[in-house]
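In what follows, a structure is listed as structure tokens, so that the remarks can point back to it.
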There are 2 protein chains.
Amino acid sequence: MANKILIADDEPDILEILKYNLEAEGYEVITAKDGDEAIEQAKKHSPELIILDIMMPRKTGLEACNILRMMPAFRDTLIVFLTAMSDETTEIKGLETGADDYLTKPVSPKVLVSKINALFRRFNKEETGIIKVGDFEIDRQKYVVNHNEEEIILARKEFELLALLASKPGKVFLRNEILNQIWGTEVIVGDRTIDVHIRKIRQKLGVDCITTVKGVGYKFEL
Amino acid sequence: MANKILIADDEPDILEILKYNLEAEGYEVITAKDGDEAIEQAKKHSPELIILDIMMPRKTGLEACNILRMMPAFRDTLIVFLTAMSDETTEIKGLETGADDYLTKPVSPKVLVSKINALFRRFNKEETGIIKVGDFEIDRQKYVVNHNEEEIILARKEFELLALLASKPGKVFLRNEILNQIWGTEVIVGDRTIDVHIRKIRQKLGVDCITTVKGVGYKFEL
DNA sequence: TTTCTACTGCAAAGATGGTGCAATTTTATT
DNA sequence: AATAAAATTGCACCATCTTTGCAGTAGAAA
């Protein structure tokens, strides 16, 4: 599913150009024309990435970034500054505020798009609701798994199990870990239960991307 | 433990300046003066971040990046390009090759340091359970052993035994120590059992890197 | 040489996870 | 609310891989 990007800049032209290019790349774009609106829109849409112009009316990009970083919901959101300023001090301040990147205008839209793709490429593996591994796309929010454009329907436990394993591809999850993560410490289920769910997932996915590590646990691999 | 950074650039001055600034920031810095040396040093030191100049003799930064990204060991390593080129096409190519960022010279060392801090802050926050010795890479999380890019599959006890020995290369582990560490004090197994597992490991690894110290125990050596 | 020690091939014992079937619980539908 | 459907969990059996031990042998140390 499309990643959401919020762009805040007070120049309508720039907003337009970036929006056009990012949408062409498949992102869902939200815009804001000043710092306050940026924060408002961020709260409303929870974008995965926020691009902030530094020089904006009603709160600069730096201020907006600081405020957003205070809120738990945006602690891990990607934030990129975009500005005409080539002021080194500001740049450093921006990065120390907790931005992930810093771009100086004029930026070619193509370069910007590439950088953003690069950020998402790495970032998506870790914290977004959407996990992308190989041909798989696992959407935590929508409870949907896509494999090569085809939608696979999994039951809740199956989904959670797959999502857990796929959240760290390659990592071996111990049976205990799995039980705690998915069933919690309260409920007690037999060991066979995990097997059975693993079996169902393997059946439904068709491809065998869940490897058994005997005596240890399971892992997701391509 | 300090994060390791490998810098590859053919200009000694730049190498020197960056090294100085990054070391002042607490990083461990390794340098290389061309593409081939960069790959060599990367394999040797397994840095967490690699900074590659694009224009270098004996493999450009782009080529080096491509080669590194092919190897499982560097699939997730942070790679940043550094170059005088303001050529947009090259920049995009760099990012699509799988780089995480792109910096154009002249870069103020301070800005570079900030960016690198930002990258580490976000991506390197978790510790790796990876033991690296010579050509071997033992990943406790993934439960795999890599030797020269090849994956070796070990059974549980075999893996644990190897991991134990490799955790302190050169150290001789007494048979008793091994028994306590891997089997615990409860279970009682004969001495021969250790031998047999050692044998299996030797078989699977191909190379003989476990040395027998007669009458004492075993140690892992290159 | 003698005496330990560890390696080797073989094989049994043991543990582990896959499989089919079924009981039980939850959820959706009428 | 009643019924149907789906999801979840459990069990017993089986195939397979792991772990362990044995007996014989080769090699090093005394």
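Order of the sequence lines sets the chain letters (A, B, ...), proteins ahead of strands, with each chain counted from 1.
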Pairs counted as Watson-Crick or G-U wobble with both distances under 3.5 Å: what dot-bracket string results for DNA chain D, using | for bases tied to another strand? ||||||||||||||||||||||||||||||

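- Counting only heavy atoms from C-beta outward, the side chains of B:L49 and B:N3 never approach each other to under 4.5 Å.
- With sequence neighbours excluded, the residues that form a salt bridge (Lys or Arg N to Asp or Glu O under 4.0 Å) with A:R58 are A:D34, A:D36.
- Atom CD of B:Q203 sits in a crowded spot, with more than 12 heavy atoms from other residues, nucleotides or ligands closer than 6.0 Å.
- Counting heavy atoms of neighbouring residues, nucleotides and ligands inside a 6.0 Å radius, atom OH of A:Y20 does not exceed 12 of them.
- If you walk DNA chain C from 5' to 3' and mark each nucleotide with an atom closer than 4.0 Å to a heavy atom of chain A, the marks span C:dT16 to C:dT27.
- Interatomic distance, CD of A:E160 versus CG of A:L164, reported as 9.0 Å (0.5 Å rounding).
- One interatomic measurement links the two molecules: NZ of B:K200 to C1' of D:dT18, which rounds to 7 Å at whole-angstrom precision.
- Residues that satisfy the side-chain contact (heavy atoms from CB on, under 4.5 Å) test with A:I17, not counting sequence neighbours, are A:N21, A:P109.
- Residues satisfying the side-chain contact (heavy atoms from CB on, under 4.5 Å) test with B:K19, not counting sequence neighbours, are B:E23, B:V29, B:T31.
- In terms of the salt bridge (Lys or Arg N to Asp or Glu O under 4.0 Å) criterion, B:D139 has no residue partners (sequence neighbours excluded).
- Shown for residues 212-220 of chain B: residues whose heavy atoms fall under 4.0 angstrom of DNA chain C, namely B:T212, B:K214, B:G215, B:Y218.
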Each nucleotide N or O in nucleotides 10-13 of chain D that has a protein N or O under 3.5 Å away: list the pair and distance.
{"residue": "D:dG10", "atom": "OP2", "partner": "A:G190", "partner atom": "N", "Å": "2.7"}
{"residue": "D:dG10", "atom": "OP2", "partner": "A:T193", "partner atom": "OG1", "Å": "2.6"}

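- Residues from residues 158-170 of chain B placing a heavy atom under 4.0 Å of any atom in DNA chain C do not occur.
- B:R69 places a side-chain N or O within donor-acceptor distance of the main-chain N or O of B:F74, the cut-off being under 3.5 Å.
- Put simply, the side chain of A:D9 never gets that close to the backbone of A:I14: no donor and acceptor are under 3.5 Å apart.
- A search for side-chain contact (heavy atoms from CB on, under 4.5 Å) contacts involving A:R202 returns A:I198, A:D208, A:I210, A:T212, A:Y218, not counting sequence neighbours.
- The side chain of A:W183 places an N or O atom within less than 4.0 Å of a non-bridging phosphate oxygen (OP1 or OP2) of D:dT9.
- To the nearest angstrom, P of D:dT8 lies 15 Å from CG of A:L179.
- In terms of the salt bridge (Lys or Arg N to Asp or Glu O under 4.0 Å) criterion, A:R156 has no residue partners (sequence neighbours excluded).
- Judged by the 6.0 Å distance and 45° axis criteria, B:K171 is positioned over the aromatic ring of B:F173.
- In this pair, A:F136 and A:F220 present their aromatic rings perpendicular. The plane angle is above 60°, beyond the 30 to 60° band.
- D:dT8 atom C1' lies 14 Å from atom CD of A:Q203, rounded to whole Å.
- B:E221 pairs by the salt bridge (Lys or Arg N to Asp or Glu O under 4.0 Å) definition with B:K219, not counting sequence neighbours.
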